[in-house]
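To start, the structure under review is shown below, and the notes come after it.
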Amino acid sequence: MSQVEEARQEQQQPVVEKAPYAELQIEDGSDAQEAALPPPATSSPPNSKAKLSATAIIPVWIVLSSGVIIYNNHLYNALQFRYPVFLVTWHLTFAAVGTRILQRTTNLLDGSKDVHVSKHMFLRSILPIGLLFSGSLILSNTAYLYLSVAYIQMLKAFTPVAILLISWASRIQDPNRKLMVIVLMISCGVALASHGELHFNIYGFAVQAAAVAFEASRLVMIQILLHGLKMDPLVSLHYYAPVCALINLAVLPFTEGLAPFYDLPRIGPAILFSNALVAFLLNVAAVFLVGAGSGLVLTLAGVFKDILLITGSVLLYKAPITPLQVFGYSVALCGLILFKMSGGK
């Protein structure tokens, strides 16, 4: 087996689980973030860090992950602060500062001592992955301006399929009959969910589809360029947040201009700070989540979170979902679980 394939399998658990991270939530919207910030590469936290049991950290992660998405959606739609590029840039800036404070005051970022970023590595790996990350975050957050939280979560189930398709196209993995069946299940499930959507918006759908493509490309590029490099979610955030913040800052004048700054007094500093804090805490929780349980346990936790989030959004925002969507999403989730159980092979 080639080194790239070994690296891909080594990182496959976070990739599938990533659907839940996904969402930066800094966003995910991020699911992502999905995404919490979806980690570029992950490993179990070093032994020097405190370990939490799965029963302790998974509920915290579910609450924070769902909370980020609902909070962002509240900002975009209820408070009419419809500036996703600004919000993502603010989250990334907060994260860049926050990780550096943690690096100096705690041992949560001790893993950064083992990562040496040269100029060559920055230009060849960090920067291109950061560009894809920024695109994923901006697009996934923009989708919330046009689609419901419930429907976006359903569309995110297509991420593993996008990862497989890109992996096959780039020849880092060969297709087989089992994976083809799984791809068909997830694709049909998402198609049924889309067909059943009562408030379908073609522009919002295209934006979310592009976000999935960017996120899948990012994860595949990580497997190719950063194989063998171990970074937990917080260390990844430490390196990528400043890069992505600067990229987004360069995009901001051409997309939203000064409008979000004029609207800041209406929102107030308390909301902006608390919103970024919840997103940052999600990434801290992700450090303890990795290694807290088996890959299947984390996948099931992610599925439960998505179901809870869809249910909550229906109750909170009165967003209607149809029986066809429920059936389609159930098929897609079954495909996702089979994909996880197969190890992506």
Side-chain angles (χ1 to χ4, degrees), residues 8 11-42 65 69 129 132-133 135-144 147 149-170 172-173 179-180 182-194 204-223 233 286 295 298-307 309-310 328-344:
R8 186 199 59 73
Q11 296 176 26
Q12 189 65 52
Q13 290 185 356
V15 168
V16 177
E17 167 40 22
K18 142 7 224 153
Y21 281 141
E23 286 330 283
L24 197 104
Q25 310 267 39
I26 282 215
E27 285 144 80
D28 257 340
S30 197
D31 111 2
Q33 85 225 203
E34 38 20 276
L37 272 170
T42 58
S65 183
I69 294 175
I129 292 173
L132 290 173
F133 197 7
S136 171
L137 293 175
I138 290 173
L139 290 167
S140 59
N141 275 267
T142 301
Y144 287 94
L147 303 175
V149 171
Y151 182 45
I152 289 175
Q153 296 309 118
M154 295 177 188
L155 291 178
K156 286 176 183 176
F158 192 76
T159 302
V161 172
I163 292 171
L164 282 175
L165 294 177
I166 295 172
S167 297
W168 294 343
S170 58
I172 66 172
Q173 183 177 358
L179 289 179
M180 292 297 290
I182 291 173
V183 165
L184 185 62
M185 283 184 64
I186 297 177
S187 301
C188 289
V190 172
L192 288 173
S194 298
F205 175 83
V207 168
Q208 181 56 40
V212 168
F214 268 78
E215 178 64 6
S217 299
R218 181 184 75 90
L219 294 171
V220 172
M221 186 173 287
I222 284 166
Q223 295 165 18
L298 297 183
T299 297
L300 293 176
V303 169
F304 177 74
K305 185 269 293 184
D306 288 339
I307 293 174
L309 184 56
I310 290 173
Y329 188 56
S330 299
V331 172
L333 288 182
C334 288
L336 176 61
I337 294 172
L338 288 175
F339 177 65
K340 185 62 181 181
M341 292 178 67
S342 71

Ile182 and Gly335 have their tightest heavy-atom pair at CG2-O, 3.4 Å
Interatomic distance, Lys156 atom NZ to Leu309 atom CG [nearest 0.5 angstrom]: 8.0 Å
Taking all heavy atoms of Thr159 and all of Ala216, pick out the closest pair and write down the distance. O-CB, 4.4 Å
To the nearest 0.5 Å, atom OG of Ser140 lies from atom CD1 of Ile152 at 8.5 Å
Closest heavy-atom pair, Ser167 versus Val220, reported as atoms and distance to 0.1 Å, is OG-CG2, 3.7 Å
Within the distance-only criterion (no hydrogens, no angle test), does the side chain of Ser187 pair as donor or acceptor with the backbone N or O of Val183 below 3.5 angstrom? yes
State, with a plain yes or no, whether a side-chain heavy atom of Gln153 is found less than 4.5 Å away from one of Ile69. yes
Applying side-chain contact (heavy atoms from CB on, under 4.5 Å) to Val190 and Tyr329, what does each step give before you reach the verdict? CA-CA 6 Å; Val190 172; Tyr329 188 56; over 6 Å; no
How far apart are the C-alpha atoms of Trp168 and Leu179, what are their side-chain angles, what is the distance that settles it, and do they pass the side-chain contact (heavy atoms from CB on, under 4.5 Å) test? CA-CA 11 Å; Trp168 294 343; Leu179 289 179; 3.7 Å; yes
First locate atom CG of Leu139, then atom CZ of Phe214, and finally report the distance between them rounded to the nearest 0.5 Å. 6.0 Å
For the residue pair Met154 and Ala193, what are the closest heavy atoms and their distance? SD-CB, 3.8 Å
Check Ala211 against Ser136 and note the closest heavy-atom contact, atom names and distance. O-OG, 3.8 Å
Test side-chain contact (heavy atoms from CB on, under 4.5 Å) on Leu147 and Val207 and set out the steps. CA-CA 10 Å; Leu147 303 175; Val207 168; over 6 Å; no
Test Leu164 against Phe339 for side-chain contact (heavy atoms from CB on, under 4.5 Å), laying out the working first. CA-CA 10 Å; Leu164 282 175; Phe339 177 65; 3.6 Å; yes
Distance (rounded to the nearest 0.5 Å) between Ile186 CD1 and Leu333 CG: 9.0 Å
With rounding to the nearest 0.5 Å, note down the distance linking CZ in Phe158 to CD in Glu215. 14.5 Å
One should read off an interatomic distance between Ser217 OG and Leu132 CG, to the nearest 0.5 angstrom, of 6.0 Å
